[in-house]
K.L.:
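One structure coming up, written as structure tokens, with questions to follow.
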Amino acid sequence: MLIEKNLTHSGDRLRRARILAGIPTRREFEKKYRISANTLQGWEQGKNPLSRKGAKRIIEALKIEGLICSLEWLINGTGVPPRPFEMTHTEFTSSTDLENLFNAMNLQEEQAIYQELQTFKSHNPNAIIITVSDNAMEPQFRTGDYIGGVRLTKPEDIQLYLGQACIVELADHTIIPRYIHTDQESNTYTLSCTNFQSITPPLNIFNARILSAAPILWHRKKLVRT
């Protein structure tokens with residue numbers, strides 16, 4: 001995998017990483033990982049600086065797509081550039097950059113998670129896997145956890161999972177984990193969180209219209225958190 005040497009700006013590196021992950025458009029990235037296309041455009045075109053928080057969210061998305069890279073590479077152009085997990089064992093184990101950015105335990109865990117999520121995707125058509133981006137669903141799901149399910153789009157199928165935690169895609173393509181309840185009269189849903197001390201909106205969502213709901217079938221907690 002070739003990484004150009006002249007990626008001098010974080011926006012150039014972000015765009016290159018997104019394309020290497022096989023996501024050619026910002027809209028597609030927005031739909032999959034809840035980072036708006038406008039925000040991505042601002043970062044990639046250098047209109048807005050890429051924050052460390054934003055870079056961490058990008059890195060988590062890249063992991064799901066099978067790539068590993070360092071925070072410092074995205075922000076500063078130093079450290080580990082994007083490359084497939086399959087290359088990390090032979091190329092990274094003695095790397096000084098890797099030792100500074102990921103300890104051996106963290107890398108081993110990331111590789112295990114990648115294998116688990118690929119297995120889940122291969123055994124479940126219409127699978128969706130996301131990383132939890134906030135603390136609204138604590139204590140069940142913590143920031144950085146991986147969760148996966150199988151998308152349901154028919155109302156009669158979604159009805160079978162009322163009162164359960166699901167990965168929900170809203171009509172505006174926002175994707176969030178929430179408990180799902182129904183309002184038979186208005187033909188809409190109520191989505192509820194578990195941590196009412198969270199300051200990350202939206203928490204409970206009323207009269208929600210959804211495109212799909214995926215009952216959470218796979219949950220992987222991270223032991224090592226960076």
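Note that these values count all heavy atoms, side chains included, but never hydrogens, waters or copies made by symmetry.
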K.L.:
Would you check, one step at a time, whether the test ring pair (Phe, Tyr, Trp, His ring centres under 6.0 Å) holds for Phe141 with His219?
P.N.:
CA-CA 8 Å; Phe141 305 119; His219 176 205; 4.8 Å; yes
K.L.:
Could you pull out all residues at least two apart from Arg57 that satisfy salt bridge (Lys or Arg N to Asp or Glu O under 4.0 Å)?
P.N.:
none
K.L.:
Using only heavy-atom distances, determine whether the side chains of Ser192 and Asn204 contain a donor-acceptor pair under 3.5 Å.
P.N.:
no
K.L.:
Apply side-chain contact (heavy atoms from CB on, under 4.5 Å) to Arg15 and Trp43, showing your working.
P.N.:
CA-CA 9 Å; Arg15 180 177 180 276; Trp43 287 341; over 6 Å; no
K.L.:
Return the CZ to OH distance between Arg220 and Tyr114, rounded to the nearest 0.5 Å.
P.N.:
15.0 Å
K.L.:
Using atom types as modelled and distance alone, determine if a side-chain donor or acceptor of Asn124 lies under 3.5 Å from a backbone N or O of Lys121.
P.N.:
no
K.L.:
Would you sort out whether Leu152 and Leu160 count as a side-chain contact (heavy atoms from CB on, under 4.5 Å), showing the intermediate values?
P.N.:
CA-CA 10 Å; Leu152 303 174; Leu160 299 175; over 6 Å; no
K.L.:
Which distance, rounded to the nearest 0.5 Å, do you find between the CG of Leu203 and the SG of Cys193?
P.N.:
4.5 Å
K.L.:
Distance check, rounded to the nearest 0.5 Å: Asn195 atom CG versus Asn135 atom CG?
P.N.:
5.0 Å
K.L.:
If you measure only the distance, is there a donor-acceptor pair under 3.5 Å linking the side chains of Asp172 and Thr174?
P.N.:
yes
K.L.:
Ignoring hydrogens and angles, tell me if any N or O in the side chain of Thr143 forms a donor-acceptor pair with the backbone of Asp134 under 3.5 Å.
P.N.:
yes
K.L.:
Without hydrogens or angle criteria, can the side chains of Tyr146 and Glu60 be said to hold a donor-acceptor pair below 3.5 Å?
P.N.:
yes
K.L.:
Ignoring hydrogens and geometry beyond distance, is a side-chain donor-acceptor pair present between Tyr33 and Glu28 at under 3.5 Å?
P.N.:
no
K.L.:
How long is the straight-line distance from CZ of Arg16 back to CG of Leu74, given to the nearest 0.5 Å?
P.N.:
13.5 Å
K.L.:
Starting at CD1 of Ile113, measure out to CD1 of Ile129 and round the result to the nearest 0.5 Å.
P.N.:
11.0 Å
K.L.:
Could you pull out the closest heavy-atom pair between Cys69 and Leu62, with the gap in Å?
P.N.:
SG-CD1, 3.7 Å
K.L.:
Looking at residues at least two apart in the chain, or sitting in another chain, which of them share a salt bridge (Lys or Arg N to Asp or Glu O under 4.0 Å) with Glu44?
P.N.:
Arg18, Arg26
K.L.:
Once rounded to the nearest 0.5 Å, what's the spacing between atom CZ of Arg151 and atom CD1 of Ile158?
P.N.:
11.5 Å
K.L.:
Verify, without hydrogens or angle tests, whether Thr190 (side chain) and Phe206 (backbone) share a donor-acceptor contact under 3.5 angstrom.
P.N.:
no
